[in-house]
Trainee: 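Here's a structure for you.
Every number for a ligand or one of its atoms is a count from 1 in the order of the listing.
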Amino acid sequence: MNDFRNLPAALKPEGIWDKVLSSHAFDIEIARAQGIYLYDPAGERYIDATGGPMAVNIGHGEPRIINSITEQAQEYTYVHPYLANRKRAELCAEIAKVTPGDLNTSYLVSGGSEAVETAIKAARQYHVLTGNPGKHQMIGCYESYHGMTLATMALSGSPAYAKYFDPMLPKWPHIQQYSDFRKPQDMDRDEWAVACAGELAQAIFYAGADNVAAFIATPIGCGSDYGLVAPAKYWQEVKRICDENNVLLIADEVVTGFGRTGSWFAMDHHGVVADIMVTAKGIASANAPLGACTVTDKIKAPFEHTPFLHGFTFQGHPLACAAGLAVLGILHEDNLVEHSRSLGEHLHSYRDQLLSHPTVADVRGRGLFLVMELVERKDTRIYFDAERGAEHLYQAIGLKNGLAFYSSLYGARRGAVQRGLPMWICPPLTITREEVDDLMHRLDQTLTEWEETLGVR
Ligand SMILES: Cc1ncc(COP(=O)(O)O)c(C=O)c1O
């Protein structure tokens, strides 16, 4: 048994900390951050192994981003969104240069949930403006995550959300995502991809194509299959079914956008252009609250005559746009998308070492985006009972070993799921090969200690 008396303690809700409404137990206080490292007030150093919640794509403390925000702040920090704010236009133009196909026009918001809400409303208003006022339902995938507003929660179809928020969540249909775990042995991946995409056709059929506005999904899996790269055939078939039924495809690239998977966007791997793409997190590398809803020329067209009934005080905030512009500039200048691809191959070369652990049932992902499926038993893929606090223990041991992990939203909140728990490794894209090796060495040690403590062999 390990001695965990030296584990970093979670901050107690006392004094000023008691005035913060939060359910996160593992907040260590951070005094400063530089590159891939976070430092606590005592000077202890932790690798930001998941780039916060998969959001820090450029290392912390990057002077080019700080300078860009500062320069904008010296001109003006804010103007009403109806006044022309040049940084907003410049950022939309820069986004259009890297997005696939004719995803050319963006609506800038303050984060992922707002970007997904914007996509839902854009899809709905598009259909009303083009003569299909019945199209109002959004189809999502079970176990997905698209945000924490009521509409974005409804997309996930999670019983855990329904517990508190029914009947406030819209009742929208859901399908199962592509999963190799469920694949019948006598089918190849492409055949199974067509069968899985068929679930979408079926859901549209039963809801009635005249009622369905859009289908939303994350390009490389969600929930228990987080990080799974489905065959391109799956996405091609999904797009074909969407087009056939005048249902818009919304790609949620909030996590995967801007180089994370070794291409600008994860849909690039599949060769499919969605009708609407949402991004956030890495777009400003979390230096400012920023998200984008980007639409194709077809979706934009009806809005040229009728305004989009939407708007937020902070949409296209000049300081956030200045951060986003600097991030896009750095991704180009420092060739970080290619770096993510090549260093991602090195990161994934640790696959067998990770799989040799009795608790690692699968390793998935692409680029600098690696997801482990953690389990109590590999044969059933069952995860530990909640009472054992395995997830918090994993994080505490990680901190002891100098690794800060994002705590999984798929833990307590995921409801009655029978599969393992996804855990991420997705450091800033600026990480070096030596730093990857150090991180993976510490991860190996963390997994071993976690397993010893939980009595798994
Ligand atoms: C795929 C996906 N979509 C949307 C969101 C919501 O983004 P935000 O937390 O910025 O509102 C998240 C957040 O984790 C996400 O992972």
Trainee: Assess, by modelled atom type and distance only, whether the side chains of Thr149 and Glu117 contain a donor and an acceptor separated by less than 3.5 Å.
Mentor: yes

Trainee: Counting both backbone and side chain atoms, is some N or O of Asp252 under 3.5 Å from an N or O of ligand 1?
Mentor: yes

Trainee: As an exercise, identify every atom of ligand 1 less than 4.0 angstrom from a heavy atom of Gly112.
Mentor: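 Going through ligand 1 atom by atom, the ones under 4.0 Å from Gly112 are 6 (C), 7 (O), 8 (P), 10 (O), 11 (O).
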
Trainee: Identify, by atom number and element, the atoms of ligand 1 in contact range of Ser113, meaning under 4.0 Å from any of its heavy atoms.
Mentor: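 Those of ligand 1 that fall under 4.0 Å from Ser113 are 6 (C), 7 (O), 8 (P), 11 (O).
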
Trainee: Need the ligand 1 atom indices (1-based, order shown) with element for anything under 4.0 Å from a heavy-atom of Val255.
Mentor: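 This gives 16 (O) as the contact atoms.
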
Trainee: With a cut-off of under 6.0 Å to the ring centre and 45° to the axis, is Arg364 in cation-pi contact with Tyr226?
Mentor: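 Judged by the rule, Arg364 and Tyr226 form no cation-pi pair.
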
Trainee: Could you list the atoms of ligand 1 found under 4.0 angstrom from a heavy atom of Thr218?
Mentor: 1 (C)

Trainee: Report the part of Lys281 in contact with ligand 1, treating N, CA, C, O as backbone and CB onward as side chain, heavy atoms under 4.0 Å; options are side chain, backbone, both, neither.
Mentor: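 It is the side chain that gets close, since no backbone atom is under 4.0 Å.
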
Trainee: Regarding His269 and Thr261, do their side chains bring together a donor and an acceptor under 3.5 Å, going by distance alone?
Mentor: yes

Trainee: Examine Arg260 relative to Phe369 and say whether NZ or CZ is less than 6.0 Å from the centre of the six-membered ring and inside a 45° cone about the ring axis.
Mentor: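 Checked: cation-pi criterion not met.
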
Trainee: Check whether the side chains of His310 and Thr118 place a donor and an acceptor atom closer than 3.5 Å, and report yes or no.
Mentor: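 Distance-only check passes for His310 and Thr118.
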
